[in-house]
Amino acid sequence: MLLAMRSEVENAFECVCSQLDLHMSDFGLEEPPEEVEAILASNIAYRVQKEMGKPPSEVAGKIVKLLDLENFQYVDRVYAEGPYINFVPSAKYFKETLEGAQEENYGQFQKRGETVIVEHTSANPTGPVHVGRARNPIIGDSISRILSFAGYQVERQYYVNDSGKQVATLIWAFEKFNERDMGDLKKDRGDYDIVRYYQLSNVYLENSSIEDKNIAELEISDILGKIESGDEEIYQKLVSITEMVLGGMKECLYRISVEFDEFIRETKFIQDGSVDEMVDRLKQLDSAFQEDGAWKLGIPGEEKPLVFLRSDGTSLYTTRDLCYHEWKLERADKIVTILGEDHKFQAEQLTKTLSLLGAETSRIRQVFYSWVNLPEGGMSTRKGTGINLDDLLDESVKRARGEVTAREGSRIREMELKKSDIDRISRQIGIGAIRCGIVATQPGKGITFDWDDALSFERQGAPYMQYVHARCCGILAKQKSDIQGVDSTLLNSKEELDLLHEISRLPFVVSSAAEALEPHRIITYAQKLAEKFNIFYRECPVLKGTDSELMAARLSLVTATKNAMSNSLYLVGIESPDSM
RNA sequence: GGACACGUGGCCUAGCCAGGAUAGGGCGAGAGGUUCCUAACCUCUAGAUCGCGGGUUCAAAUCCCGCCGUGUCCGCCA
């Protein structure tokens with residue numbers, strides 16, 4: 001509804017500007033401060049004071065006179081306050097917001113017939129997901145949900161790095177070592193099983209004599225060559241090992257509600273000939289050259305050339321990624337990739353090379369995040385220095401359970417919590433806190449891991465928002481009969497109107513979060529919504545001490561809040577508990 | 001050395017891209033609030049030269065330049 005109001009106001013400004021012979025496209029629309037009655041404001045007066053030759057407050061007054069209220073459906077009143085032009089929403093604005101938000105899919109946009117491939121996580125299939133990179137699935141999944149809600153046709157892809165040195169090392173380790181060489185299995189799952197081989201092989205490569213090390217490296221590069229030439233036996237081994245790891249990762253990610261539509265293997269592009277074809281095409285480019293037996297490509301604006309073919313004739317990560325990107329560009333209108341900031345350079349080389357190959361790189365967007373590091377440094381699967389996401393989740397659910405049980409006896413509740421409720425609530429809160437904690441912070445900011453920070457159930461964190469949903473459900477569960485003929489004008493207190501206004505912002509927030517690929521905007525919104533609801537809840541009894549008409553109107557408001565909240569939480573992958 | 005990102009009360013964070021009303025929250029600290037729909041709530045108080053220095057502008061946390069601090073990258077690794 002805010003979107004509709006904005007476009008009404010924009011149209012009106014266009015009209016006024018043409019009357020005044022002003023040419024501008026930005027009318028300085030902004031959100032006024034809390035205590036102002038208006039919900040939309042313009043600082044256009046500042047922008048045109050020179051052209052008008054008058055002080056801003058005078059300009060504002062003049063523009064207000066020229067704005068034609070007749071055409072406004074959603075604006076009740078326009079007034080100048082100093083240099084600002086403020087717009088107060090109409091009864092119709094609130095009425096339609098309330099009606100629209102009765103729908104469970106409130107805030108969702110119509111399909112717009114545009115497809116987007118979101119690639120995220122794509123961690124090397126060498127071991128369990130650790131916390132260092134946990135921002136990737138959480139940001140990627142949230143962006144996927146938001147884009148989908150905003151009307152795009154979204155496909156979520158995991159690009160499996162099943163070629164290249166670390167997988168060759170893994171296959172080598174599997175032949176070299178036996179189960180009895182391995183330490184204890186921390187968790188009976190494929191990713192935990194395999195990672196032991198990977199870590200042991202790295203210990204071996206670091207600590208062996210030079211001769212042993214050289215032999216091992218020759219054996220590994222032999223395996224790499226076989227992967228590259230499409231050797232069937234090696235490929236079968238590769239698939240079975242990586243499937244074991246991926247199976248474990250999927251299970252882990254499923255715990256935080258992250259799922260994929262497709263897993264795309266790097267080897268796919270080797271086997272279908274795309275890589276060979278890519279190498280040939282790159283060689284044809286003007287800036288391609290051969291040096292020390294390897295093929296390189298000079299890239300405009302880059303100091304270092306891109307090496308796209310090793311001197312032994314095997315391809316490199318970026319070469320294969322180029323094939324994957326071209327394949328994605330064929331299949332979707334837009335592609336979004338979530339990457340760690342350590343991949344920035346590679347991503348830039350990739351994009352520029354694609355552009356040299358004639359691709360429309362404006363359809364590509366990349367979102368970078370910085371790693372979650374330990375106080376003593378980065379987490380590494382290879383070195384085994386990471387904190388596994390599973391452990392973080394287990395600990396979070398455990399601490400959430402502590403919070404749930406601590407509150408159990410100390411409060412008035414009509415129904416006792418069953419064991420299954422405690423399990424459910426602990427899980428919803430524990431997992432929600434992790435997702436919220438990660439998505440609430442801008443991806444670019446660095447995070448140093450700290451158990452207490454990661455696991456705090458702070459006010460205005462996930463439980464605060466989840467609690468609002470539970471409160472709404474609690475009220476609605478007590479509702480006796482269906483409500484009909486709601487009169488939205490009965491909702492006229494400041495608390496009610498503030499809440500309704502907040503609800504009306506959801507579609508605007510969804511579209512801007514989708515446009516900017518910034519899921520944390522949803523969290524910021526949901527916090528505000530929760531705050532407004534809690535104030536309403538305090539001041540406005542819904543079921544008690546109100547006549548039936550007011551009760552009906554307030555019940556609608558509660559339903560609207562519930563829908564806006566559960567959709568907001570859904571968009572960042574947090575569950576909405578019916579009770580807490 | 002070069003490139004990129006980040007720097008907002010003791011701690012964490014929003015706002016920055018599209019400059020505009022008193023820099024918005026939270027944690028922690030202090031004071032209050034529940035015979036009433038779940039107090040994981042609400043209200044109030046204290047606490048900020050928005051890293052530093054210049055510049056542009058009627059107006060800068062926001063844009064530009066320089067500097068400082070932190071992180072990342074600059075591989076025939078991924």
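Computation of the quantities below employed the complete heavy-atom set of this structure, encompassing side-chain atoms and omitting hydrogens, waters and symmetry-equivalent molecules. In what follows, every chain begins at residue 1, and chains take the letters A, B, ... in the order their sequences are listed.
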Which residues share a ring-ring contact (aromatic ring centres under 6.0 Å, His included) with His120(A), sequence neighbours left out: Phe260(A)
Partners meeting side chain to side chain donor-acceptor pair (under 3.5 Å) with Tyr159(A) (sequence neighbours left out): none
Distance, C1' atom - from U56(B) to C65(B), rounded to whole angstrom: 11 Å
Short side-chain N/O contact from Arg310(A) to OP1 or OP2 of C77(B), under 4.0 Å: yes
Distance between P atoms of C41(B) and C58(B) (Å, rounded): 47 Å
Set out, line by line, the N/O atom pairs under 3.5 Å between protein and nucleotides 55-62 of chain B.
residue, atom, partner, partner atom, Å
C58(B), N3, Gln49(A), NE2, 3.2

Touch class at under 4.0 angstrom, heavy-atom based, for Cys473(A) against every strand present: nothing
More than 12 heavy atoms from other groups under 6.0 Å of CD on Glu14(A): yes
Pairs flagged by salt bridge (charged side-chain N to carboxylate O under 4.0 Å, His left out) wherever residues 521-545 of chain A is involved - sequence neighbours left out: Glu34(A)-Lys528(A), Glu34(A)-Lys532(A), Glu518(A)-Arg521(A)
Sugar-phosphate, base or nothing in reach of Ala41(A), heavy atoms under 4.0 Å: base
Complementary nucleotide of U45(B), counting Watson-Crick and G-U pairs under 3.5 Å: A29(B)
Test side chain to side chain donor-acceptor pair (under 3.5 Å) applied to Glu403(A) - qualifying residues, sequence neighbours left out: Arg407(A)
Residue whose closest nucleotide on RNA chain B lies nearer the 5' end, Pro541(A) versus Leu224(A): Pro541(A)
Pairs satisfying salt bridge (charged side-chain N to carboxylate O under 4.0 Å, His left out), at least one member in residues 295-324 of chain A, at least two apart: Glu266(A)-Arg320(A), Glu291(A)-Lys296(A), Glu302(A)-Lys352(A)
Separation of U72(B) P from Phe368(A) CZ (nearest whole Å): 16 Å
Touch class at under 4.0 angstrom, heavy-atom based, for Leu316(A) against every strand present: sugar-phosphate
Sugar-phosphate only, base, or nothing, as touched by Asp312(A) at under 4.0 Å among non-hydrogen atoms: nothing
Euclidean distance, atom CD of residue Glu539(A) to atom P of C41(B) [Å, nearest integer]: 17 Å
Within residues 448-474 of chain A or reaching into it, pairs that qualify as salt bridge (charged side-chain N to carboxylate O under 4.0 Å, His left out) - sequence neighbours excluded: Arg399(A)-Asp452(A)
C1' gap between G54(B) and A48(B), integer Å: 22 Å
Geometric class of the Trp451(A)/Phe449(A) ring pair [parallel <30°, tilted 30-60°, perpendicular >60°]: perpendicular
Pair listing, salt bridge (charged side-chain N to carboxylate O under 4.0 Å, His left out) test, anchored in residues 422-441 of chain A, at least two apart: Asp141(A)-Arg435(A), Arg401(A)-Asp423(A), Lys419(A)-Asp423(A), Asp421(A)-Arg424(A), Arg427(A)-Glu575(A)
Sugar-phosphate, base or nothing in reach of Tyr317(A), heavy atoms under 4.0 Å: base
Pairs meeting criterion side-chain hydrogen bond (donor to acceptor under 3.5 Å, both in side chains) with involvement of residues 336-345 of chain A, two or more places apart: Asp342(A)-Trp371(A)
Of Thr242(A), Leu224(A), Leu238(A), the residue whose pairing with Ile171(A) passes side-chain contact (heavy atoms from CB on, under 4.5 Å): Leu238(A)
Within residues 442-450 of chain A: residues closer than 4.0 Å to RNA chain B (heavy atoms): Gln442(A), Gly444(A), Lys445(A)
Same-atom distance (P) from C77(B) to G66(B), integer angstrom: 36 Å
Residue-level proximity of residues 522-535 of chain A to RNA chain B when a heavy atom falls under 4.0 Å: Thr524(A), Asn534(A), Ile535(A)
Non-neighbouring partners of Phe508(A) that pass ring-ring contact (aromatic ring centres under 6.0 Å, His included), sequence neighbours left out: none
Sugar-phosphate, base or nothing in reach of Arg554(A), heavy atoms under 4.0 Å: nothing
Closest-nucleotide ordering on RNA chain B, the 5'-leading residue of Gln346(A) and Ile85(A): Ile85(A)
Between A23(B) and C67(B) - C1' atom distance, rounded Å: 25 Å
Interatomic distance where CG belongs to Asp26(A) and P belongs to C63(B) [whole Å]: 15 Å
Sugar-phosphate, base or nothing in reach of Val307(A), heavy atoms under 4.0 Å: sugar-phosphate
Whole-Å distance separating the CD1 atom of Ile438(A) from the P atom of U13(B): 13 Å
